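To find a chain, count down the sequence lines: A is the first, B the second, and so on, and within it residues start at 1. Here the structure is a predicted model, which means the values were calculated and not measured.
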2 protein chains.
Amino acid sequence: MVNFTPTEEKIFEAATAVFIEKGLDGARMQEIADKAGINKALLHYYFRSKEKLFKTIFFNTLTNLKPVITQFFMEEDNLENKVTKFVGGYIDFISRNPHIPLFILNELRKKPDFFLENMDSHKMINFSKIEQILNKEINEGRIIEIDYRHFIVNMISLTIFPFIGKPIIQFFSKMNDEKFQQFILERKKIIPEIIMNSIRP
Amino acid sequence: MVNFTPTEEKIFEAATAVFIEKGLDGARMQEIADKAGINKALLHYYFRSKEKLFKTIFFNTLTNLKPVITQFFMEEDNLENKVTKFVGGYIDFISRNPHIPLFILNELRKKPDFFLENMDSHKMINFSKIEQILNKEINEGRIIEIDYRHFIVNMISLTIFPFIGKPIIQFFSKMNDEKFQQFILERKKIIPEIIMNSIRP
DNA sequence: GTCTATAAAGGGATAGAC
DNA sequence: GTCTATCCCTTTATAGAC
């Protein structure tokens with residue numbers, strides 16, 4: 001993180017790991033201090049309270065999710081490329097940080113206001129461009145009529161849910177971690193096909 | 001719950017609501033007692049510890065999820081009917097209990113063993129039937145080659161994720177609760193179409 | 001800035017009266 | 001079976017020395 005002293009940086013790294021793994025309620029300041037190689041008092045010296053430290057971590061984590069989203073919603077490209085990039089980009093990112101989706105969604109459910117109050121949504125997502133692209137394709141008869149909200153939710157559902165449901169999927173289909181990673185990679189190809197198939201006339 | 005005295009029943013109802021909303025770490029015995037209209041001591045009299053009370057709630061909640069799953073994996077029917085019933089059944093159930101998926105998946109991630117140790121998986125799900133049905137369709141050329149695991153994960157992702165992502169979806173697409181419910185109902189029709197489309201030759 | 005020690009509050013669990 | 005009172009460990013947060 002920019003503008004952080006080395007100590008702040010250590011705390012930040014440790015807190016990120018602990019909060020994402022345990023959640024706000026499950027995380028312990030002691031564990032964060034241990035992981036950062038300092039003591040509890042220093043946590044409060046730098047970040048004042050658990051709540052404030054959590055906020056820093058939470059919104060930074062959200063920020064890390066932005067690039068692939070903004071690329072999808074803002075960049076000029078054809079529909080299939082956009083979908084392929086989004087799915088590939090997200091699978092790569094979440095593969096490296098597999099606990100982030102559940103962390104975000106879970107904390108968000110407990111405090112929905114938290115989000116509204118602190119997000120600058122319009123700098124992140126503007127539906128008008130993707131809506132416009134879809135409408136053009138619909139009007140020129142290249143795809144069927146589709147509500148852009150379902151289109152987006154379908155794409156995100158297929159991409160992210162497998163990470164959230166990992167323990168159940170692995171349990172029932174008896175995949176080890178390696179097989180599961182393989183399974184996830186296969187989806188980079190499968191999901192864009194499903195999405196594009198679902199709107200073909 | 002069967003075999004419960006009226007007091008146990010009250011505790012059970014209150015604990016279910018609180019644990020599902022707050023999670024194991026976030027739940028407070030005091031809040032459960034208040035909601036049940038009794039005091040903390042009685043909770044321990046009947047359920048011994050927070051951990052034991054939680055286990056009761058958790059596994060009962062899992063049991064409630066079973067019928068639609070077993071119907072899908074066990075019942076004799078054609079593929080399209082199976083998918084339609086599964087999607088419809090789950091959307092109905094989760095609409096009535098919208099916080100259950102995140103509750104289950106979140107607790108499961110924190111303690112993956114919890115599940116393995118206590119689930120009688122094979123009474124619940126047996127993949128051989130659905131695999132067999134898919135293979136028959138593939139061999140007779142009515143659908144394309146598809147890994148049954150992706151087929152199942154796709155169906156579940158499209159059905160369940162929108163509930164998990166509700167706060168984000170509502171935030172970005174500016175739907176109120178009524179509109180969101182409408183959005184979810186539309187998916188009963190959309191999801192089976194996508195799934196069946198994705199395997200058409 | 002960083003530490004040790006400790007205050008202060010929170011929350012699960014139990015004893016004992018009724 | 002149900003209550004009040006209380007124990008006691010855990011955890012956040014601060015005071016104060018260095």
Side-chain angles (χ1 to χ4, degrees), chain A residues 1-61 103 106-107 109-111 113-114 118, chain B residues 1-61 99 103 106-107 110-111 113-114 118:
Chain A
M1 194 92 154
V2 274
N3 294 334
F4 269 8
T5 67
T7 305
E8 282 175 310
E9 189 63 35
K10 278 193 299 180
I11 295 172
F12 179 79
E13 299 293 337
T16 299
V18 174
F19 276 130
I20 286 180
E21 191 192 331
K22 305 275 174 78
L24 172 58
D25 294 327
R28 294 289 162 257
M29 295 296 264
Q30 186 63 61
E31 187 180 352
I32 294 171
D34 292 347
K35 197 159 221 158
I38 50 141
N39 58 50
K40 275 190 300 177
L42 261 200
L43 295 183
H44 290 91
Y45 175 78
Y46 280 108
F47 291 92
R48 195 90 196 127
S49 72
K50 184 183 180 184
E51 188 80 13
K52 282 199 169 59
L53 177 54
F54 176 78
K55 274 200 178 186
T56 305
I57 304 303
F58 184 79
F59 287 108
N60 175 264
T61 304
F103 167 66
N106 202 48
E107 300 298 335
R109 185 182 56 84
K110 289 192 217 157
K111 296 191 187 183
D113 326 335
F114 213 64
N118 299 65
Chain B
M1 194 98 152
V2 274
N3 294 334
F4 269 6
T5 66
T7 304
E8 282 174 310
E9 190 63 34
K10 276 192 300 181
I11 294 172
F12 180 78
E13 298 294 337
T16 299
V18 173
F19 276 129
I20 287 180
E21 191 191 332
K22 306 275 175 78
L24 172 58
D25 293 328
R28 295 290 163 257
M29 295 296 265
Q30 186 63 60
E31 188 181 351
I32 295 172
D34 292 347
K35 197 160 220 156
I38 50 140
N39 57 50
K40 275 194 295 179
L42 261 201
L43 295 184
H44 290 91
Y45 175 79
Y46 280 109
F47 291 91
R48 198 81 201 136
S49 72
K50 186 184 180 184
E51 187 80 13
K52 282 199 169 59
L53 177 55
F54 176 77
K55 274 201 179 186
T56 305
I57 304 303
F58 185 79
F59 287 107
N60 174 265
T61 304
H99 292 158
F103 166 68
N106 202 47
E107 300 299 334
K110 289 193 217 156
K111 298 192 187 183
D113 327 335
F114 212 64
N118 299 66

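- Separating the CD atom of E51(B) from the C1' atom of dG12(C) is a distance of 12 Å, rounded to the nearest angstrom.
- Regarding E9(A), its CD atom lies at a distance of 15 Å from the P atom of dG1(C), rounded to whole Å.
- Nearest nucleotide to the side chain of R28(A), out of dT12(D), dC3(C), dC3(D): dT12(D).
- Here A33(A) lies out of heavy-atom contact (under 4.0 Å) with every strand.
- As a whole-Å value, the separation of Q30(B) CD from dT6(D) P is 16 Å.
- Regarding L42(B), its CG atom lies at a distance of 16 Å from the P atom of dG12(C), rounded to whole Å.
- Of all the heavy atoms in A15(A) and I57(A), the pair that sits closest is CB-CD1, 3.8 Å.
- Checking dG1(D), dG12(C), dA13(D) against every side-chain atom of M29(A), the shortest atom distance belongs to dA13(D).
- Residues K50(B) and R28(B) meet the side-chain proximity criterion, which asks for heavy atoms closer than 4.5 Å.
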_Run F19(A) and F58(A) through side-chain contact (heavy atoms from CB on, under 4.5 Å) and show every step you take._
CA-CA 8 Å; F19(A) 276 130; F58(A) 184 79; over 6 Å; no
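- When the C1' atom of dC3(D) is taken as reference, atom NZ of K10(B) falls 13 Å away, rounded to whole Å.
- Remark: N39(B) is in phosphate contact with dC3(D), judged by side-chain N or O atoms under 4.0 Å from OP1 or OP2.
- Checking the phosphate oxygens (OP1, OP2) of dT2(C), a side-chain nitrogen or oxygen of Y46(A) falls inside 4.0 Å.
- The CD1 atom of I11(A) sits 5.5 Å away from the CZ atom of F47(A) when rounded to the nearest 0.5 Å.
- Whole-Å rounding puts the K40(A) NZ to dA13(D) P distance at 10 Å.
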*Given side-chain contact (heavy atoms from CB on, under 4.5 Å), test E31(B) with K22(B) step by step and report yes or no.*
CA-CA 11 Å; E31(B) 188 181 351; K22(B) 306 275 175 78; 2.9 Å; yes
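- Distance NZ (K22(B)) to P (dG12(C)): 12 Å, rounded to an integer number of Å.
- Ranking dA15(D), dT2(C), dC3(D) by closeness to the Y45(A) side chain, first place goes to dT2(C).
- Looking at heavy-atom distances under 4.0 Å, S49(B) makes contact with sugar-phosphate atoms alone, never a base.
- Residue H44(B) places at least one side-chain N or O closer than 4.0 Å to OP1 or OP2 of dA13(C).
- Backbone-only engagement by I38(B) is indicated by non-hydrogen atom pairs under 4.0 Å involving sugar-phosphate atoms exclusively.
- Rounded to whole angstrom, the span from the CD atom of E31(A) across to the C1' atom of dT12(D) amounts to 15 Å.
- Residue-to-nucleotide proximity on DNA chain D shows that, of G37(B) and D25(A), the 5′-proximal contact is made by G37(B).
- As judged by a 4.0 angstrom heavy-atom cut-off over every strand, T7(B) is placed among residues touching the sugar-phosphate backbone only.
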